[in-house]
Amino acid sequence: MTDQETLGYDFETAEPRWQAAWERIRAFAAEDHPAADKPKYYVLEMFPYPSGQLHMGHVRNYALGDVVARYKRARGFSVLHPMGWDAFGLPAENAARERGVHPGQWTLDNIASMRVTLQRLGFSLDWDREIATCLPEYYGHQQKLFLDMLRKGLVERRESSVNWDPVDNTVLANEQVVDGRGWRSGALIEKKRLSQWFLKITDFAEPLLEGLDTLDRWPARVRTMQERWIGRSEGARIRFPLHAPPEGFDVDRDSVEVFTTRPDTLFGMSFVAIAADHPLAAKVAQDNAAARDFIEECQRLGTSEEAIEAAEKRGCDTGLRVVNPFAPDETVPVWIANFVLMEYGTGAVFGCPCGDQRDLDFARKYALPVRPVILPPGEQIGSFAIGRTAVTGEGTLINSGFLDGLDTAEGKRKAIERLEGMGVGRGVVNWRLRDWGISRQRYWGCPIPVIHCAQCGAVPVPDDQLPVRLPEDVTFDRPGNPLDHHPHWKHVTCPQCGAAAQRETDTFDTFVDSSWYFARFTAPHAAGPIDPVAANSWLPVDQYIGGIEHAILHLLYARFFTRAMHETGHLDVDEPFAGLFTQGMITHESYRDESGWLAPEDVTRSGDGYVRRDNGQPVQLGRSEKMSKSKRNTVAPTAIIERFGADTARWFVLSDSPPERDMEWTEAGVSASARFGQRLYRLVQAVSAQVPRDASFGEGGRSLRQATHRTIVAVTEALENFTPNVAVARLHELSAALGEAEKSDEPGMGAARREAALALALLVAPMMPHLAEEMVALLEPEGALVVERSWPEALPEFLTRDSVTMGVQIMGKLRGTIEVPPDAPSDIVLPLAEAEPNVARMLEGKRIVKRIHVPNRIVNFVVAG
RNA sequence: GCGAACUUGGCGGAAUGGUAGACGCACGAGACUUAAAAUCUCGAGUCCGCAAGGGCGUAUGGGUUCGAGUCCCAUAGUUCGCACCA
């Protein structure tokens, strides 16, 4: 016997039936422009990468978005809720190399099967607006956007470093570098300089930072993370001339410019450190074998900041010395250090061991001098010494010549003033944010629409030749970029002079694809990239929903791109996402035995533990963690839909955990959700069978009506607050009240039950839309579809309470409760509280010092003696 | 390493600074049943107590407050991000 044969509600036939009914009336098609008589609401979930199978994380993400979309539609908004595919990327190329499938075919097949799953889940999506970034109908417009930015001066070409695998002769992504080695070849990777395209996001550093203040419906932590990422800091650039330069070096030409946020500590400088890829380091390395080896070693760390920062702090003395402008008699050594980043500031820092922990560690390691220049508050100048801990806070400057006695802020000001007066430095604002390198040496991405000509340089592909299409006939039988190997694709003539020229064979970073898709959704069939009228009327996205892992890069790139599209005349908005919600992961227990990880369907509960289904042998239970293929602790949405139906899957992912937190997937939880759906159906069946449609309310049923209308308020509030788990709890309570009412023969209870049943149906609809339709069809067979109905309204007369229960505390500890009328004044409440038997007993022999009464909430007696 | 966050019964979690543990899961007892499943009813943080009631309790240690899960400081553990995964 299958699960559903024992059940009353047959989701297997009902779900497709209602999906067809919605389709028939095109219930989810958005207007080209939001209807004039309705407020607009654009709800968007981060579109998926078509990896092959929809996973539970997607179900949670899209179920959340669908709750918002359906709720807002019921509240009378003109809703835009589209879906598409982030379809370019490395996994398709990996599949091509590993299995010989063409990346395009692999991707389109994946899209086809994932679309079916999304549709079976019954999401209220406007499928007419579907886009896939790997199709020329999408990426051609992206090429146009890029060229517009190029013409506007927002694009630059310059050199930067990549991870190079010398065995596979290919560029590796950071995630393909494992412990400094290529993931396939195992070769030690090297840094390699390549000419690449950059989008000048740093031009927008200030507005991107300031714009964060306007995003009041973003999680504070995401705003903080972006703020830190952009990293505005005030400080100084200081130029140190070389002291007694060796042969071939020049005092000024080879001087070192540093950026510092602590110019006040310049008197404590004991070394200067430069990045391994600093030009001066390269120059030193020409005839310094030790430096050469050290630089080579640094390059093996790869390009990821994480690897560089986590590595042991090491350095190599170049033998050069520079002069401290504040102490011209002193010179300090110049070191190459593996913790200095070329990308930040000037690629060089001065080391003040007193004021910076990293500098102090470095100085101790290489026996460099440590001069105390900051006196922390409460320390005495005579006894203060620096041990293993630097003074990273503020203090009073000491041993610092003209800065002596000043505090940190004043010291910075004076130091900069003096540096500027001497002409060796100036106060500057520095940003941590770096320009966005968008060139990728890969096939499965959007071609960069540029032609390289020996005479004319980098020439944009003329607009009328767009899109530059990816060639289909490519091979993956050798490493490197197939576009580069292709027999004729890159060989073209220069659009300007007609001479033989070469196409750019790099493609865009896939983050470019996802930086404007929300705008394309507003007019997905427009002839140009963006229809400004549609974009300006639908944007910004009112509610954007996705994973916290995108808190920085994707969201920052999209914010930048929107500003860049504004500047190139494609739209008039600056911030793409007015509201942001970041949802947590789905986790599951993991199981293993000596043969390795086991899938949930291979194990079963037995007593206190788990055993294998096939041989009954006990299984070790691992902790609950993110569903992943490697741990085999995944649960396929398709399997759940088949066994329990879409509504159960949706209900479960929404029910237990607050959506921003991780949620644990459990078998018991899913079946509980299925049971609740059946319970609702039975309750409504009973009402439909027992209560005539024209039953009148009369005097009875007030308590059920109160429960109904309070639930309407509570569920509405929960959905507005993005806490569907709380809505679920309140709906459980209303269903319990409705079940209880079946036993009552109060006159008027029938009508109250009908009212409760209909409210239940409408309130669960955003979460379980198919079941809701079924429930309403039982109650009102000729009535409108739920998707055409508006959200229920609570009647105020049922929201008032007859009495409230208040806690009574003594010294903040609960000693009893009292029943009082709502909003009862202190002269009624306090005597009642004091008279409560247990309270009275505890108050005996004590003197009440203070009586605290918070109406409807609490009474607290402070006592003495 | 740096940045950001999270931590409440056996489990998921609820709680405008005001009765901690709503709601659900798992568990136990009972009803229905030839039996099981399903369904329904009741119970339950923990310790002491026959009970009434009391002690303790929201990761750990401190602080602010009449009152702290909630605010502040420190510590621990876990998670996310670190610019070529998406």
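Predicted model only: the values in this text are computed from it and were never measured. Every chain is numbered from 1 and lettered A, B, ... according to where its sequence line falls, protein lines coming before strand lines.
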Atom [atom1] of [X] to atom [atom2] of [N]: distance rounded to whole Å?
X	N	atom1	atom2	value
A/R815	B/G53	CZ	C1'	10 Å
A/E227	B/G3	CD	C1'	12 Å
A/W665	B/C25	CH2	C1'	14 Å
A/L760	B/C23	CG	P	16 Å
A/F508	B/C84	CZ	C1'	15 Å
A/D662	B/U7	CG	C1'	12 Å
A/R228	B/A5	CZ	C1'	12 Å
A/R841	B/G54	CZ	P	6 Å

Quantified in whole Å, what is the [atom1] atom distance between nucleotide [N] and nucleotide [M]?
N	M	atom1	answer
B/G45	B/G69	C1'	15 Å
B/C80	B/G62	P	32 Å
B/U8	B/U70	P	13 Å
B/C48	B/C66	C1'	29 Å
B/G18	B/A5	C1'	28 Å
B/U58	B/G21	C1'	9 Å
B/G17	B/G12	C1'	26 Å

Quick check: any donor-acceptor pair below 3.5 Å linking the side-chain of [X] to the base of [N]?
X	N	value
A/R442	B/C84	yes
A/R730	B/A22	yes
A/Q441	B/C84	yes
A/E306	B/C82	yes

### Query
Out of B/A86, B/G54, B/C66, which has the shortest distance to the side chain of A/N860?
B/C66

Does [X] have a side-chain nitrogen or oxygen under 4.0 Å from the phosphate oxygens OP1 or OP2 of [N]?
X	N	answer
A/R857	B/G17	no
A/R675	B/U39	yes
A/R440	B/C85	no
A/R432	B/G81	no
A/N174	B/A83	yes
A/K313	B/C2	no
A/N725	B/A14	yes
A/S657	B/G13	yes
A/T510	B/A86	yes

### Query
Would you call B/G24 syn or anti, using the 90° rule around 0?
anti

### Atom pair CD/CZ of A/E836 and A/R841 - distance to nearest 0.5 Å
10.0 Å

### Task
For A/R221, report the nucleic acid contact type (base, sugar-phosphate, nothing); a contact means any heavy atom under 4.0 Å.
sugar-phosphate

#### Entry: Other residues, nucleotides, ligands: >12 heavy atoms within 6.0 Å of A/R97 CZ
yes

## Note on the structure
The single option from A/E720, A/R730, A/R710 that satisfies side chain to side chain contact (heavy atoms under 4.5 Å, CB included) with A/V715 is A/R730

Can you say whether the rings of [X] and [Y] are parallel (under 30°), tilted (30 to 60°) or perpendicular (over 60°)?
X	Y	answer
A/H554	A/F511	parallel
A/Y544	A/Y517	tilted
A/F561	A/W436	perpendicular
A/F204	A/F560	perpendicular

